Amino acid sequence: MIRKSTRMLRSYFHLFFGPAFRLTSRFPEAFEICKEFRIGREKMLQIANALTKEIQLGLARETHPQAIVKCFLTYIQDLPTGRERGKFMALDLGGTNFRCLLVNLTDGAVMQSTLKSFAISEELMQGPGTDLFDFIAECLAGFCKEQNIGNDRIPLGFTFSFPLQQIGINKGILRRWTKGFRCEGVEGKDVVELLQSAIDRRGDVNVKIVAILNDSTSTLVSCAYSHPDCRIGLIVGTGVNACYVEQTSKAEMLDGYESSQKPIMIINTELGAFGDNGSLDSVRTVYDKTLDIESVNPGSQTLEKCVSGMYLGEVVRHILLDLMRMGVLFRGMRPDEMQTKWIFRTRFISEIESDPPEVFHNARVVLYHLGIKTDDLNDMACLRYICDSISLRSAQLTSCAIVAMINQMNVESCTVAIDGGLCRYHPHYRNLIEQQMSILLKNASAYKIVLSEDGSGLGAALVAAAFANK
Ligand code: BGC
C-alpha cells in the first residue's frame, strides 16, 4: 500500500513537475536560464497591447514613417469568392527554396496544381540582385517549357516574402532584406519591375506579373477560399509575419481611404520587426542579444529573432555552449562542432520534442550529429527541457501577436490561417498557440486556428485571378 502510494506520488510528481523537477536538482543553472524564457500572463497581455498600439502607429499617416510595425497596404480589398476560374501561375520566394506553380481554377475548386521547387544557394542569397532575378526567370522559363505553356500570356501572382512597401497591387518597393538575404541593388527598388524585366529580357516566357503579395497574405487569401471567415494570416517559418483584414477607413496610407468604395483592405503588418525600439526588452535574454549581434541584420527583426525557425536553433546552441562552458552538461565535453554557428538547426528542436516522454531517441541522434556521444538520460532530459522552453516562448509571443490583431479588429470570432515550418513540423506548436490563447482570451475557442494547405501558391494564384483583367 505504502509502496503503491509512493509510486503514485512519484508519477504525480513526474507528470506535473517532471523534467523541471529533475532539472532543479540536477541542473539548477539550466533551470535558471530556462526560467528567463517563460513569460507570465500579465507580461503577455502587456506585449499584446503594446503590439496593438504599434499596429495603430503603422496605420496612421502621421506616425507611419517612424513606425516600427509598418502595416503596409496590400491593395487586396476582396477575399476570394469561389468563382475564380482559369489558369494562373504563382512564384514563391521567401526562404531557401523558390517555387513555381501552375494552378487551374474552376468554380469553387482547384482543379489541378503543379509545383516545382528550386534551391536558392547562399551565393544567390547574398550576391547581386540581377543574378537572383535572372535565376528566377530561368527557372520559370524551364517550368513553362515543361508544362507546355505555349503563347497564352498567363497572369502570375508573385509571393515575395520580405518587407515590401506596396504602391499598387503589382508595384512594391523592397524596404530591406531579412532572413539571410542581402542581394545588392534591390532595396529601394520595385521588385515587380526587376523580375518582369528579367523575364522579358529572356524573350522565351510569356508571363505577366499582375500581383505581388506577402506569404502571410497568400496564406490568408488561400484559407479564405475554404473558410470565408478567415481574417488573419500568420507565418512562423524561417521568418515571422502576419496580416489581417482591416477596415479601409483605418488604412490611412491609402489615398482616398475615407471614401473608398471597398470596406476592407488586407494589411501586411511586418510584425517581425516588433521590438526593434526596445518594446520586447523585458523578455529578451542575453542569448537573444548575442544572437542579434552576430546576425546579418543586428538591431532589426527583434520579434522574428525570438520566434522564427531561422533563429530558435541558434538560441539553443548558445544556451548549450554556456552550460558546457560551465561544465554542467555532457560531462564537460566541448566538441568543435558546437562552435559552428547555425549547426543546431531548428528542425532538431522539433525532432527532440517529437520523442515520446522519457524516450530520447531523437535527442541522442541530434547530439551524435553535434559530436556529443552520451547516454546520460539526465543530459538528454535537460536538452529537451531547453528546447521546450524556447518553443514555448516562441508560441507565447506568436499568441500575443494573434491577440493583438484580434483586438485591433475587434471581432468576436474568426479563423486564423497559419503556415510555416514551425506550424507545420513542430509536434506541439499549434497546440501551444491554442493553449496560450486560452490563457489570454476569455472566448479563445471562438478563434479557430487552421493550418493552411499550400497557402503561398494558391493564395497568389487567387489574387492573380482577381487582378488578371484589371
Ligand atoms: C519577412 C516577411 C515574411 C516573413 C515570413 C519576414 O522576415 O519580413 O515579409 O512574411 O519573414 O516569411
Side-chain angles (χ1 to χ4, degrees), residues 51 54-55 58 67-74 76 90-99 117 120 125-126 157-166 172-183 186-188 191-192 211-223 232-244 266-276 291-292 295-312 314 346 394 397-398 401-402 405 416-426 429 451-452 454-457 459-460 463:
L51 180 51
E54 301 262 6
I55 288 175
I68 296 291
V69 177
K70 280 293 178 199
C71 287
F72 291 125
L73 304 176
T74 63
I76 299 173
L91 290 187
D92 179 14
L93 175 72
T96 42
N97 283 312
F98 152 74
R99 305 182 317 147
S117 246
I120 304 270
M125 282 165 74
Q126 306 196 352
F158 183 20
T159 302
F160 181 77
S161 307
F162 300 94
L164 198 71
Q165 177 165 27
Q166 281 188 242
I173 312 291
L174 176 67
R175 280 292 149 230
R176 60 189 154 122
W177 286 112
T178 57
K179 297 179 287 196
F181 277 73
R182 244 191 329 194
C183 304
V186 189
E187 287 182 348
V191 177
V192 174
I212 186 159
L213 63 165
N214 183 262
D215 50 356
S216 60
T217 312
S218 296
T219 299
L220 191 163
V221 171
S222 79
C223 180
I232 292 178
L234 175 98
I235 305 286
V236 191
T238 309
V240 68
N241 191 16
C243 67
Y244 72 98
I266 298 181
I267 296 292
N268 168 19
T269 63
E270 284 296 337
L271 53 68
F274 178 55
D276 289 3
L291 177 141
D292 180 50
S295 70
V296 294
N297 52 352
S300 72
Q301 297 296 100
T302 306
L303 178 72
E304 178 161 288
K305 286 172 182 160
C306 297
V307 169
S308 82
M310 175 151 179
Y311 303 101
L312 296 192
E314 184 64 1
T346 297
S394 163
L397 291 170
T398 297
I402 298 175
M405 288 178 286
V416 178
I418 60 169
D419 205 352
L422 270 164
C423 301
R424 213 164 263 287
Y425 306 117
H426 188 288
Y429 202 76
L451 186 64
S452 160
D454 191 27
S456 312
V463 174

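In what follows, residues are counted from 1 in the order of the sequence shown. Computed from a prediction, not measured in an experiment: that's the story for all the values here. As the structure lists them, so they are numbered: ligands from 1, and atoms in each ligand from 1.
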If you scan protein heavy atoms around atom 9 (O) of ligand 1, the nearest is E270 OE2, 2.6 Å
*Less than 4.5 Å apart, any side-chain heavy atom of R424 and any of D419?*
yes
In this structure, atom 10 (O) of ligand 1 is nearest to the protein heavy atom D215 OD1, 2.5 Å
Decide whether the shortest distance between a heavy atom of I235 and an atom of ligand 1 is less than 4.0 Å.
yes
When distances are taken from atom 11 (O) of ligand 1, the protein heavy atom at minimum range is K179 NZ, 3.2 Å
Do S394 and L312 make a side-chain contact, defined as non-hydrogen atoms from C-beta onward lying under 4.5 Å apart? yes
Counting heavy atoms under 4.0 Å, the part of V240 that contacts ligand 1 is backbone
Within-4.5 Å side-chain heavy-atom neighbours: T398 and Y429
yes
Look only at the side chain of N241 and the backbone of L271, and say whether a donor-acceptor pair between them is shorter than 3.5 Å.
yes
Counting only N and O atoms by type, is there a donor-acceptor contact under 3.5 Å from the side chain of E304 to the main-chain atoms of A273? no
For N241, the ligand 1 atoms with a heavy-atom partner under 4.0 Å come out as 2 (C), 3 (C), 4 (C), 9 (O), 10 (O)
Quick note on ligand 1: atoms under 4.0 Å from a heavy atom of P163 include exactly 8 (O), 9 (O)
One pair to check against side-chain hydrogen bond (donor to acceptor under 3.5 Å, both in side chains): T219 and S452. What are the steps and the verdict? CA-CA 6 Å; T219 299; S452 160; 4.7 Å; no
*asked:* Using only atom types and a distance under 3.5 Å, with no angle test, would you say the side chain of K305 pairs donor to acceptor with the backbone of S300?
replied: yes
The protein heavy atom nearest to atom 6 (C) of ligand 1 is E304 OE1, 3.0 Å
So the atoms of ligand 1 within less than 4.0 Å of a heavy atom of Q301 turn out to be 7 (O), 8 (O)
For this session: Check whether any N or O atom of G94, backbone or side chain, sits under 3.5 Å from an N or O atom of ligand 1, and answer yes or no.
Result: no
Ligand 1 to T178, heavy atom cutoff 4.0 Å, flagged ligand atoms 1 (C), 6 (C), 7 (O), 8 (O)
request  = Look only at the side chain of K179 and the backbone of G94, and say whether a donor-acceptor pair between them is shorter than 3.5 Å.
outcome  = yes
